[in-house]
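Step one of this worksheet: look at the structure below.
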2 protein chains.
Amino acid sequence: MELSPTAYVILGMLRNGPQSGYEIKRAVDHSTRFFWAASYGQIYPELTRLAKAGLVEGHSQPTGGRRRTAYRLTDAGREELRRWLDRPPERLELRDEGLLKLFFAGAAEPGKAVEIIDAKRRLVEEKLAALRKIEPYAAAAASTDPFPYLVLRYGIESSEWVIAWCERARAELKGTRSKPKKTKRSVA
Amino acid sequence: MELSPTAYVILGMLRNGPQSGYEIKRAVDHSTRFFWAASYGQIYPELTRLAKAGLVEGHSQPTGGRRRTAYRLTDAGREELRRWLDRPPERLELRDEGLLKLFFAGAAEPGKAVEIIDAKRRLVEEKLAALRKIEPYAAAAASTDPFPYLVLRYGIESSEWVIAWCERARAELKGTRSKPKKTKRSVA
DNA sequence: ATACTCATGTAAGAAGTTACATGATTAC
DNA sequence: GTAATCATGTAACTTCTTACATGAGTAT
């Protein structure tokens, strides 16, 4: 069975019971999006494909006059999810514009590198703030299923590591480039 | 000027003198590919577009009967590169299949999570080995331009952090799930 | 009333990968 | 001679994002 990478996010999100496409998108945005994103434009067509392949089943469950289709895993779908979990991971991709800019910092005036590091740091701090916002909910759910919280902590701790790296790199650049502070003019 | 994200890799790679599309690809594979990849299918068409936009200039420089077009930055291209360096980074995307599997590990039998962590660790170790292979070359070039080496060290150190995290997470899971080792059968 | 959330879907396009085709030069 | 490297390019395809269209229910 050849499935698109995003198909497994959907199968995984259905592991604990039926959900609509809208709910899957919501769950992704509150959890996996930091290391595996998915948009409506992927989710809805993929749900249709998975249903055709017999891995999920859609059931119409309107709320009043508001239509809604909840999908649940079939046995074949659960089996496919397990087989995927058995295989070693392949994709590990990073797309980091801040690092790219730092790589090319030699093309700018001296001092630009420090600005680039600070800007990168700011971007990571924003990401970290978003992760911290969802932390209490993930922590509360950890007693039922500890893994989403474990992964969230990975996100938080790795962001903290990046911020610390930025500080170190900044200090190193400042130290080699300009004179050390020691502004003891008052004494002289 | 609206440029594709990959356009800036090309402009950046030309910062220290002319290069052919083939050489740019080579440089990317030996450096930025760990946080910003690019394929021939992007590089060659993009070089044509950049030349039309006046940001690079192509010069035919055949080696014997082997055709070769070396591109160099124009003043406008260098200016565009500097303006991009001035803007704060936007993209910071991760696509980590190992984390996704760990997130869904509750759908598999207990003990699978440890296997998933070990597999993730192996993948990072492979990446780290590739980075260490290019380290001596990057270190040697650091006296002329320190930034590529700085970024490489980021790659190496962050990989080491991930490996350490995997060890910690593994120990934690083993600790809560099964009894601690203490196989003192010989005493009893 | 009006804004927000729930809900589904598609169309267009950007971005990126893979595979292929071609051909010269160089190293063994 | 044959394998590797240098070198350019395209076509087909997959993936993903963005924007749009539609419409019902809910809270203010």
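Each chain gets a letter, A, B and so on, in the order the sequences are listed, and its residues count up from 1. Hydrogens, waters and symmetry mates play no part in the numbers below; they use all other heavy atoms, side chains included. Bear in mind the structure is a predicted one, so any value in this text is a computation, not a measurement.
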### Pair Arg121(A) + Glu167(A), salt bridge at N-O below 4.0 Å
yes
### Ion pair Arg82(A)/Asp86(A), N-O distance below 4.0 Å
no
### Message
Check the phosphate of dA15(C) against Gln42(B), side-chain N and O only, distance under 4.0 Å to OP1 or OP2. Yes or no?
### Response
no
### Sidechain N-carboxylate O distance under 4.0 Å for Glu23(B), Arg68(B)
yes
### Query
Near DNA chain C, which residues from residues 28-39 of chain A have a heavy atom under 4.0 Å away?
none
### Query
Can you tell me how far P of dT15(D) sits from CZ of Arg95(A), to the nearest Å?
16 Å
### Task
Kindly confirm or rule out a cation-pi arrangement of Arg26(B) over Tyr22(B), judged by NZ or CZ under 6.0 Å from the six-membered ring centre and within 45° of its axis?
no
### Message
At less than 4.0 Å, is any side-chain N or O atom of Tyr22(A) found next to OP1 or OP2 of dT8(C)? Yes or no.
### Response
no
### Message
Any carboxylate oxygen within less than 4.0 angstrom of a Lys/Arg side-chain nitrogen, looking at Glu97(B) and Arg87(A)?
### Response
no
### Query
What is the distance, rounded to the nearest whole Å, between atom CD of Glu46(A) and atom C1' of dT17(D)?
16 Å
### Query
Hey, does the side chain of Ser20(A) come within less than 4.0 Å of dC6(C)'s phosphate (OP1/OP2), counting only N and O?
no
### Query
Could you give the OH-to-P distance, from Tyr44(A) to dC20(D), as a whole number of Å?
19 Å
### Query
Are a donor atom and an acceptor atom from the side chains of Thr6(B) and Glu46(B) found within less than 3.5 Å of each other?
no
### Query
Checking all strands, does Arg91(B) fall into the base, sugar-phosphate, or nothing category for heavy-atom contacts under 4.0 angstrom?
nothing
### Task
Identify whether the distance between the nearest side-chain nitrogen and carboxylate oxygen of Arg83(A) and Glu79(A) falls below 4.0 Å.
yes
### Query
When the distance from CD1 of Ile24(B) to P of dA7(D) is rounded to whole Å, what number comes out?
12 Å
### Query
So which of residues 64-71 of chain B are in contact with DNA chain C, with a heavy-atom cut-off of under 4.0 Å?
Gly64(B), Gly65(B), Arg66(B)
### Message
Looking at every non-hydrogen atom in both residues, tell me the closest pair between Leu152(A) and Ala138(A) and how far apart they are.
### Response
CD2-CB, 3.6 Å
### Query
Is the gap between the ring centers of Trp161(B) and Tyr154(A) under 6.0 Å?
yes
### Message
Whole angstroms only, please: what is the CD-C1' distance between Glu90(A) and dT14(D)?
### Response
16 Å
#### Entry: side-chain N/O Thr48(A) vs dG9(C) OP1/OP2, d < 4.0 Å
no
### Query
Of Gly41(A) and Tyr40(B), whose nearest nucleotide on DNA chain D comes first from the 5' end?
Tyr40(B)
### Query
Any side-chain heavy atom of Trp36(B) within less than 4.5 Å of one from Arg91(B)?
yes
#### Entry: Candidate nucleotides dA15(C), dA7(D), dC6(D), ranked by approach to the side chain of Pro5(B) - the nearest
dA15(C)
### Query
Atom CG of Leu47(B) and atom P of dA7(D): how far apart are they, to the nearest Å?
14 Å
### Query
Once you round it to whole Å, what is the distance between C1' of dC16(D) and CD1 of Ile10(A)?
13 Å
### Summary
When rounded to whole Å, the CG to P distance for the pair Leu3(B) and dA15(C) reads 10 Å
